[in-house]
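Here the structure is a predicted model, which means the values were calculated and not measured.
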Amino acid sequence: MAREEEGNRKPSPWSLQTKRSAMAAGEQQPQQQQISASSTSSGRLVTPFWKEKYERDARRYWDIFYKRHEDKFFKDRHYLDKEWGKYFEVGCGAGNTIFPLISTYPDIFVHACDFSPRAVDLVKKHKDYRPDQVNAFACDITSEQLTESVQPSSVDVVTMNGGHVLFRDYAFGDLAQERLMSKGQQISENFYVRGDGTRAYYFSNEYLVDLFSTCGFTVEEICVHNKQVENRSLDLVMNRNWIQATFILGSAGLQGPNGQHDSHTSEDKEDKLTANSSQEKSTSEEIDLSEDFNNMFGNTHNLDEAQVIRIKAKGHDFKIKMLTKEHQHTCKLTGLMLWESAQFMCSVLAENPSILAGKRVLELGCGSAGICSMVAATVAQFVVTTDGDAESLDLLRENTASNLEPDLLKKVVIRKLFWGDKDDLKAVRELSGDGTGFDCIIGTDVTYNPDAIFPLFKTARELISNKGSEAALILCYIQRRVDEDSILSTAMAQGFRLVDKWINGIHESNGIISSWFCGNDVCSAFRNATLSILYFQV
């Protein structure tokens, strides 16, 4: 039955390259793929706050993506080997499918839309763009009317009754999905956010067919492609999966003549799905993804266009060089950014010099701005400011040198400290003077990563002064992926006791922290931020 259907089928719109080197679906999956199709709890979910933010700002994240990468992220795509006449591409990006298609078939007309207005601008700026051949427009197809830009029944592929929908996207089990899951960037089942704020869904055959059949489409062809990409410089073998399918809008829908569910239609859909799934899992087609795989996870950045911002606190006016705003969404080096909790703590310390007066001060995870350490330098005995990233430390040296007078600059020592590293710990502890540790340790927004909580407190315990009982660890943060209970339990396990806390502006008593806000308006300046402060001693 399946063989007969295949023999009577029209030629596939996809390249015949995809037919070669087929792998039977019943064979064992590659060992690298360890994701369970039924599991949704193996990845750490982002918090509701960030889930809502990624949804609300989705268009802005894609605009930033295309501002940064322009048309250089994805390779040009040469998928189609059949001329259809008029096309409509949804999610056209910078035109990596449009222009290869026009080059092959110069007489076709293409409608193309994208979520990002900047991506559409890139299409219109392409050297081969002609408005009489390409109708490019920005549109969110989930909420906006396509008919404002495309006439009904005017295309041969995607929307015309009896026409075809050609679908291609990431498939379940792709290496990118594994990477995102391990980084705690899962939004929901098979749905993830990348380091730059853009999102990706990883489709299974069954889910994709169900989506289309619900809207009256039937599957004509579906296939998951797999290719192992080797990065020799990083000594990596990457398992890349993507799904490719053809759907038709025809008479076989989900409703029977009386509006009831048509079991024959459902069975036919399953027959085709099974036939096509077992028919092939191609490993031969060219990869259409960027060669720079790391870009997908936001590991790169650009300091050539750094911005300078002014930070004012009582008695201080800093000019801080930092990563430009658009690149902050595409960079995983958090130390190159200035976080709100650092600005808040900077104001608190400026208003309350007695917190650090005459003390040996250590800042953990300082990043590149150093504003808390620079305020501390005006009253402390000396300050050791640390971070684990070399590039952040280079920019930190530049910022401190440009903002501090020579006599204060001499009181600030900048050192690399990778939490838990024995050599780094030994070198920093020796800087405390007599090697007995620091009187006050401060950290701002250093509790966002669940995997870093234990080494953070272990490092702090190693470096805090063991003489007397007044030495303190002060943490200021906005709660993200780590809850307060996890922070407190880890702190207690490392020998710290919580003396006072100020959570989201609600403090339990008129204690140490609450006294810091008497007679000033620091809180009012940050009233829209969900900031917290924890005060520990040993």
Side-chain angles (χ1 to χ4, degrees), residues 40-41 43-69 73 91 93 114-119 138-144 170 176-177 179-202 295-301 307 309 322-345 365 367 369 444-453 476-484 486-487 503-505 525-532:
T40 60
S41 60
R44 187 187 301 115
L45 295 176
V46 299
T47 63
F49 170 84
W50 286 101
K51 180 179 180 179
E52 180 182 349
K53 179 175 174 59
Y54 292 134
E55 175 67 25
R56 183 178 64 249
D57 297 338
R59 176 170 287 178
R60 182 168 66 89
Y61 284 125
W62 278 112
D63 255 7
I64 293 169
F65 175 92
Y66 283 109
K67 180 178 182 180
R68 180 187 181 196
H69 297 290
F73 186 82
D114 197 273
F115 196 32
S116 166
R118 192 179 295 275
C139 182
D140 179 358
I141 64 170
T142 66
S143 61
E144 299 173 17
Y170 298 111
Q177 182 182 13
R179 288 278 301 273
L180 292 169
M181 180 181 290
S182 67
K183 289 174 177 285
Q185 293 172 242
Q186 185 174 1
I187 296 174
S188 59
E189 184 176 5
N190 297 331
F191 192 32
Y192 299 83
V193 60
R194 302 186 184 98
D196 61 3
T198 61
R199 297 174 297 176
Y201 191 90
Y202 296 85
N295 277 343
M296 295 186 65
F297 304 98
N299 291 329
T300 61
H301 51 274
Q307 62 178 335
I309 64 170
M322 58 182 292
L323 201 65
T324 53
K325 188 173 182 179
E326 60 266 27
H327 291 303
Q328 291 180 16
H329 298 279
T330 59
C331 179
K332 276 295 185 183
L333 292 180
T334 55
L336 296 178
M337 310 170 204
L338 178 58
W339 298 92
E340 197 163 21
S341 58
Q343 298 180 55
F344 179 68
M345 198 64 199
T444 60
D445 251 328
V446 291
T447 59
Y448 66 92
N449 186 345
D451 298 328
I453 300 301
C476 179
Y477 64 97
I478 293 177
Q479 184 172 314
R480 292 184 171 86
R481 290 187 287 153
V482 184
D483 57 46
E484 180 190 340
S486 298
I487 295 173
I503 306 295
N504 297 335
F526 294 87
R527 60 181 176 272
N528 294 324
T530 54
L531 289 153
S532 304

Query raised in the report: Taking all atoms of both residues into account, what is the closest heavy-atom pair of Ile309 and Leu338, and its distance?
Result: CD1-CD2, 3.5 Å
Requested in this report: Report the distance from atom OH of Tyr477 to atom OG1 of Thr444, rounding to the nearest 0.5 Å.
Outcome: 13.0 Å
Query - Thr198 versus Tyr61, closest heavy-atom pair with distance - result: CG2-O, 3.8 Å
Requested in this report: May I ask you to decide if Gly93's main-chain N or O and Asp114's side chain share a donor-acceptor pair within less than 3.5 Å?
Outcome: yes
Requested in this report: With sequence neighbours excluded, tell me which residues meet salt bridge (charged side-chain N to carboxylate O under 4.0 Å, His left out) with Arg118.
Outcome: none
Report task. For Asp483, check side chain to side chain donor-acceptor pair (under 3.5 Å) against everything at least two apart and list the hits. Result -> Ser486
**Report entry** Distance (rounded to the nearest 0.5 Å) between Met337 CE and Met322 CE
**Finding:** 8.5 Å
Report task. With the side chain counted from C-beta on, respond yes when Val482 and Asn449 share a heavy-atom pair under 4.5 Å apart, and no when they do not. Result -> no
**Report entry** Close side-chain approach of Phe65 to Ser116, heavy-atom, < 4.5 Å
**Finding:** no
Query raised in the report: Can you say whether the rings of Trp339 and Tyr448 are parallel (under 30°), tilted (30 to 60°) or perpendicular (over 60°)?
Result: parallel
Query - CD1 on Ile478 to CD on Glu340, rounded to 0.5 Å - result: 4.5 Å
Query raised in the report: Considering residues at least two apart in sequence or located in another chain, which fulfil the salt bridge (charged side-chain N to carboxylate O under 4.0 Å, His left out) criterion with Asp57?
Result: Lys53, Arg60
Report task. Could I get the full list of ring-ring contact (aromatic ring centres under 6.0 Å, His included) partners for Phe49, not counting sequence neighbours? Result -> none
Query raised in the report: Arg199 and Tyr54: which non-hydrogen atoms are nearest, and at how many Å?
Result: CZ-O, 3.8 Å
Report task. Sequence neighbours left out, what passes ring-ring contact (aromatic ring centres under 6.0 Å, His included) with Phe191? Give chain and number order. Result -> none
Report summary line: With sequence neighbours left out, the residues meeting side chain to side chain contact (heavy atoms under 4.5 Å, CB included) with Val446 are Trp419, Leu456, Leu475
**Report entry** For Glu52, side chain to side chain donor-acceptor pair (under 3.5 Å) partners two or more places apart
**Finding:** none
Requested in this report: Of all the heavy-atom pairs spanning Glu144 and Ala138, show the shortest one and how long it is.
Outcome: OE1-O, 4.2 Å
Report summary line: Rounded to the nearest 0.5 angstrom, the CD-CH2 distance for Gln185 and Trp50 is 11.5 Å
Report task. Name all residues meeting the salt bridge (charged side-chain N to carboxylate O under 4.0 Å, His left out) criterion together with Asp63; count only those two or more places apart in sequence or in a different chain, and write none if there are none. Result -> none
Requested in this report: Kindly give the heavy-atom pair with the smallest separation between Cys476 and Leu531, and that separation in Å.
Outcome: SG-CD2, 4.3 Å
**Report entry** With sequence neighbours excluded, residues passing side chain to side chain donor-acceptor pair (under 3.5 Å) with Ser341
**Finding:** Asp445
